[in-house]
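A, B, ... follow the sequence lines: proteins, then strands. Residue 1 opens every chain. Just so you know, these numbers use all the heavy atoms, side chains as well, and skip hydrogens, waters and symmetry mates.
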Amino acid sequence: NAGVTQTPKFRVLKTGQSMTLLCAQDMNHEYMYWYRQDPGMGLRLIHYSVGEGTTAKGEVPDGYNVSRLKKQNFLLGLESAAPSQTSVYFCASTSTQAEAFFGQGTRLTVV
Amino acid sequence: AQSVTQLGSHVSVSEGALVLLRCNYSSSVPPYLFWYVQYPNQGLQLLLKYTTGATLVKGINGFEAEFKKSETSFHLTKPSAHMSDAAEYFCAALTSGSARQLTFGSGTQLTVLP
């Protein structure tokens with residue numbers, strides 16, 4: 001049972017490049033989340049999904065897009081990366097039993 | 001919107017001393033509440049959770065937390081700190097119902113002094 005898997009684990013982008021982060025969960029969870037973690041700011045919610053085909057904005061959605069075409073996958077896209085998007089990104093999923101499971105994170109640097 | 005406040009971004013205790021990390025939430029409807037721990041360069045690990053029922057919740061590694069609705073608080077405690085407890089701790093709240101937004105506090109870095 002892999003839980004929540006994020007790919008890639010590390011990435012360096014140039015300003016203006018695009019990329020997609022993949023989050024995959026094998027627990028049949030309905031709810032999935034994308035966060036960014038920056039020093040002193042905790043985890044801030046970017047976007048989340050309450051089910052396949054649905055997405056919603058979180059606290060800091062600007063500059064990001066998401067899709068949930070399959071229940072097990074939640075994709076986070078950066079269309080035109082900016083240095084301000086340098087961060088560690090975490091994906092999480094949860095069921096109706098409420099406990100959230102996290103991936104190991106993606107460390108993204110935009111230069 | 002739901003918010004979670006953790007008082008004290010850095011807390012230092014001596015080994016063997018009481019650990020107290022504070023967390024308050026803003027929702028008028030009590031959400032589900034969690035404490036997570038994060039070790040350097042790792043993901044988040046669940047320490048304990050409160051959903052319904054008993055307000056004193058016991059978790060892993062000797063930690064416990066008490067849900068106090070009247071104070072909108074969910075403080076984390078451990079009677080005796082161990083060096084291995086040094087980490088960053090996050091309080092989180094999950095709104096019930098269809099929205100299911102999971103909101104985190106800004107974190108508390110716990111240092112344990114020998």
Side-chain angles (χ1 to χ4, degrees), chain A residues 2-7 9-10 21 23 25 27 29-61 66 68 74 87-108, chain B residues 1-11 21-26 29-53 57 59-60 67 74 87-109:
Chain A
V4 179
T5 303
Q6 290 182 232
T7 53
K9 289 183 171 52
F10 301 92
L21 282 67
C23 177
Q25 53 97 1
M27 296 171 284
H29 285 170
E30 288 293 333
Y31 312 101
M32 298 186 74
Y33 307 84
W34 275 108
Y35 295 88
R36 59 177 290 171
Q37 183 177 25
D38 303 290
M41 304 188 77
L43 279 79
R44 292 182 292 167
L45 183 63
I46 304 171
H47 287 280
Y48 64 105
S49 168
V50 300
E52 180 179 322
T54 72
T55 63
K57 294 181 179 180
E59 181 185 356
V60 289
V66 288
R68 183 114 181 257
F74 194 30
S87 188
V88 180
Y89 292 85
F90 285 99
C91 175
S93 72
T94 183
S95 68
T96 53
Q97 277 71 47
E99 177 181 347
F101 293 82
F102 283 83
Q104 287 300 300
T106 297
R107 189 173 297 274
L108 175 65
Chain B
Q2 173 82 261
S3 69
V4 177
T5 302
Q6 291 183 239
L7 293 176
S9 58
H10 291 84
V11 170
L21 304 182
R22 300 178 186 274
C23 173
N24 288 86
Y25 64 91
S26 66
V29 176
Y32 298 152
L33 296 162
F34 309 86
W35 276 99
Y36 286 87
V37 61
Q38 184 181 35
Y39 298 100
N41 299 315
Q42 294 189 23
L44 279 77
Q45 178 185 3
L46 181 70
L47 276 178
L48 49 80
K49 65 180 180 182
Y50 169 79
T51 52
T52 59
V57 180
I60 62 172
F67 169 65
F74 191 56
E88 189 154 25
Y89 292 79
F90 293 95
C91 182
L94 178 67
T95 53
S96 56
S98 59
R100 305 293 289 190
Q101 195 164 24
L102 181 60
T103 304
F104 283 81
S106 56
T108 298
Q109 182 67 48

Between [X] and chain B, with a heavy-atom cut-off of 4.5 Å, which part of the residue counts as in contact: side chain, backbone, both or neither?
| X | value |
| --- | --- |
| Gln6(A) | neither |
| Arg107(A) | side chain |
| Leu45(A) | side chain |

Does the ring center of Phe90(B) lie less than 6.0 Å from the ring center of Phe90(A)?
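When the ring centroids of Phe90(B) and Phe90(A) are compared, they turn out to be at least 6.0 Å apart.
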
Reported [atom1]-to-[atom2] distance for the pair [X] and [Y], which is rounded to 0.5 angstrom:
| X | Y | atom1 | atom2 | result |
| --- | --- | --- | --- | --- |
| Leu102(B) | Tyr31(A) | CG | OH | 12.5 Å |
| Leu44(B) | Tyr35(A) | CG | OH | 9.5 Å |
| Thr94(A) | Tyr32(B) | OG1 | OH | 9.5 Å |

Is Gln38(B) in contact with chain A via its backbone, its side chain, both, or neither, using a 4.5 Å heavy-atom distance?
side chain

Select one option (side chain, backbone, both, neither) describing which atoms of Leu46(B) are under 4.5 Å from chain A's heavy atoms.
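For Leu46(B), the side chain is the part near chain A, not the backbone.
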
For residues Tyr48(A) and Gln101(B), report the shortest heavy-atom separation together with the two atoms involved.
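Looking at all heavy atoms of both residues, the closest pair is CE2-NE2, 3.9 Å.
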
Closest non-hydrogen atom pair, Gly40(A) against Ser106(B):
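Here Gly40(A) and Ser106(B) meet closest at O-CB, 4.0 Å.
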
How far apart are the C-alpha atoms of Thr103(B) and Glu59(A), what are their side-chain angles, what is the distance that settles it, and do they pass the side-chain contact (heavy atoms from CB on, under 4.5 Å) test?
CA-CA 9 Å; Thr103(B) 304; Glu59(A) 181 185 356; 5.7 Å; no

Does CZ belonging to Arg22(B) count more than 12 external heavy atoms closer than 6.0 Å?
no

If we define contacts as heavy-atom pairs under 4.5 Å, which of Gly105(A), Ala100(A), Gly103(A), Ala92(A) has the most with chain B?
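Of Gly105(A), Ala100(A), Gly103(A), Ala92(A), Ala100(A) has the most heavy-atom pairs under 4.5 Å with chain B.
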
